[in-house]
Amino acid sequence: MPFIIGTDEAGYGPNLGPLVVTATVWEVPLGVRAEDLYERLAPVVCGSIKPSESRSGAILAVCDSKQAYQSGQGLKHLERAVWAALRAMDQMPRCWSELWETLAPDCLAAMFCEPWYSEFDSRLPIELDRREADLLGRSFHKALTEADMELLDVVSRPVFPKEFNNLLGRFRSKADLLSNVTLELVQRVMEGLVGQPIGVVCDKHGGRSRYLPLINGFFAGCLVEVRRESRQESVYRFNRAGDRVEVRFCKQAESYLPVALASMFAKYLRELAMMAWNEFWCDRLPELEPTAGYPNDAKRFKQAIAAVQAELHIDDSLIWRKK
């Protein structure tokens, strides 16, 4: 059975907190493409928030995280999708650190060098009851089984400020940074997928349409065919060890379920990281308003913490992203 990989990011624009790129990995029947998954899972999954609310929460909303979450409005919609997916994969982390270990184990050593992460370990989920998460996950798993599909894995790649700034020195732009981190994650995920065709769907990066040099760099030795390069979609095909691979960069790729779920996981991890960040600084400055990390408010927050930051001898490289 073929494989589908969907990728998306959260935290591309802020100056504070991590950039998080996530890939979801699916096994599907022959001939099924990323755009078919909503229809195949229609009894339990929809692509917007409102229908799930109007049907007493019986439908699982998996959609662009910008629709599922807005600052100050709670994590419930994100948690419904994230924890249903985790339960469907038979993974139910009990706390913040276990979730990061499940989704991004390679990042833990770097994370816990930063005091706002090493001191934080909230129980999870935060707003969703675990019994509801269990029921949603069982329903989602049943729908996947009936559709002859499986959610194989969810893998995240966080880039914290110090590494982010270092990578900016290697790449021409922030969009190049995102593209390289994304393809690095795709390459790593693909290592365990053999014997079947693979379809990869990514959101467009910085509005660019040409990705051939990037793909050639990550899949050296493969003869890459450019099928299309347009403002709407850029499509590339090649063979890897006898398996056909198609990589698509699509405008508004969150309209495809594998990308939408990746978007929600990336946003959830990003918001949990910011929760730890805000708790650390607000504990030391009780009058300080939390931040989401985006440019204008990030400047306000950075000025407010400057004296405490100096007292704690915390270098700017740990907290401030240059772009």
Side-chain angles (χ1 to χ4, degrees), residues 3-10 20 22-29 32-70 73-94 98-99 102-103 123-156 199 201 203 252-272:
F3 304 105
I4 293 175
I5 300 170
T7 77
D8 206 4
E9 55 75 23
V20 182
T22 297
T24 64
V25 187
W26 309 68
E27 190 171 21
V28 301
V32 172
R33 292 170 62 83
E35 47 266 55
D36 303 326
L37 267 61
Y38 276 120
E39 182 178 355
R40 294 183 68 86
L41 297 172
V44 298
V45 176
C46 70
S48 64
I49 295 296
K50 290 182 180 179
S52 71
E53 294 176 335
S54 65
R55 295 177 62 175
S56 303
I59 300 294
L60 184 66
V62 181
C63 56
D64 184 355
S65 62
K66 295 180 184 66
Q67 179 186 353
Y69 176 84
Q70 294 181 8
Q73 295 187 8
L75 295 168
K76 183 71 175 285
H77 291 306
L78 287 178
E79 289 195 327
R80 281 172 56 87
V82 165
W83 287 88
L86 287 167
R87 176 64 182 84
M89 295 186 295
D90 201 26
Q91 297 174 346
M92 287 290 277
R94 295 167 296 177
E98 287 186 8
L99 179 67
T102 297
L103 299 175
R123 292 191 64 80
L124 296 178
I126 292 172
E127 298 180 22
L128 181 68
D129 184 86
R130 287 183 74 90
R131 290 171 295 181
E132 183 180 356
D134 185 67
L135 290 173
L136 288 168
R138 290 177 183 273
S139 176
F140 186 40
H141 184 268
K142 181 181 178 184
L144 285 167
T145 301
E146 290 175 350
D148 199 21
M149 299 193 307
E150 185 177 359
L151 176 60
L152 296 175
D153 206 358
V154 179
V155 184
S156 292
V201 184
D203 202 21
Q252 297 178 333
E254 297 92 345
S255 61
Y256 302 154
L257 178 57
V259 177
L261 186 59
S263 173
M264 296 182 86
F265 266 93
K267 185 65 171 178
Y268 188 54
L269 283 181
R270 158 84 189 173
E271 290 307 311
L272 291 179

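Heads up: numbering here begins at 1 and tracks the sequence.
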Would you please name every residue forming a side-chain hydrogen bond (donor to acceptor under 3.5 Å, both in side chains) with [X], sequence neighbours left out?
X	value
Y256	none
E254	none
T7	none

Pairs involving residues 135-146, ordered by first then second residue, that meet salt bridge (charged side-chain N to carboxylate O under 4.0 Å, His left out) (sequence neighbours left out):
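Residue pairs passing salt bridge (charged side-chain N to carboxylate O under 4.0 Å, His left out), neighbours aside: D134-R138.
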
Can you list every salt bridge (charged side-chain N to carboxylate O under 4.0 Å, His left out) pair that touches residues 256-268, not counting sequence neighbours?
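Qualifying pairs, neighbours excluded: K267-E271.
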
Roughly how far, to the nearest 0.5 Å, is [atom2] of [Y] from [atom1] of [X]?
X	Y	atom1	atom2	result
L99	W83	CG	CH2	5.5 Å
M92	T102	CE	OG1	11.0 Å
L41	F140	CG	CZ	6.0 Å
E35	S255	CD	OG	8.5 Å
D203	S263	CG	OG	8.5 Å
E127	E132	CD	CD	11.5 Å

Indicate yes or no for a side-chain donor-acceptor contact from [X] to the backbone of [Y] under 3.5 Å, with no hydrogens or angles considered.
X	Y	result
R130	L124	yes
E79	L128	yes
T24	A262	no

Test side-chain contact (heavy atoms from CB on, under 4.5 Å) applied to [X] - qualifying residues, sequence neighbours left out:
X	answer
A84	L60, L136
A68	I49, C63, H77, L78, M264
L152	F3, V25, E27, E150, L193
V28	P2, I4, W26, V32, L37, M149

Taking all atoms of both residues into account, what is the closest heavy-atom pair of [X] and [Y], and its distance?
X	Y	answer
R40	A147	NH2-O, 2.7 Å
S48	A61	O-CB, 3.2 Å
I59	A42	CD1-O, 4.4 Å

With sequence neighbours excluded, tell me which residues meet salt bridge (charged side-chain N to carboxylate O under 4.0 Å, His left out) with R94.
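Salt bridge (charged side-chain N to carboxylate O under 4.0 Å, His left out) check on R94 returns E98.
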
Under the criterion side-chain contact (heavy atoms from CB on, under 4.5 Å), I'd like the reasoning laid out for E9 against R270: C-alpha separation, chi angles, the key distance, then a yes or no.
CA-CA 9 Å; E9 55 75 23; R270 158 84 189 173; over 6 Å; no

side-chain contact (heavy atoms from CB on, under 4.5 Å) between V259 and L261: does it pass, once the steps are laid out?
CA-CA 5 Å; V259 177; L261 186 59; over 6 Å; no

Have a look at Y268 and tell me which of L103, V20, T22, L75 forms a side chain to side chain contact (heavy atoms under 4.5 Å, CB included) with it.
L75

Is the shortest side-chain heavy-atom distance between L272 and I126 below 4.5 Å?
yes

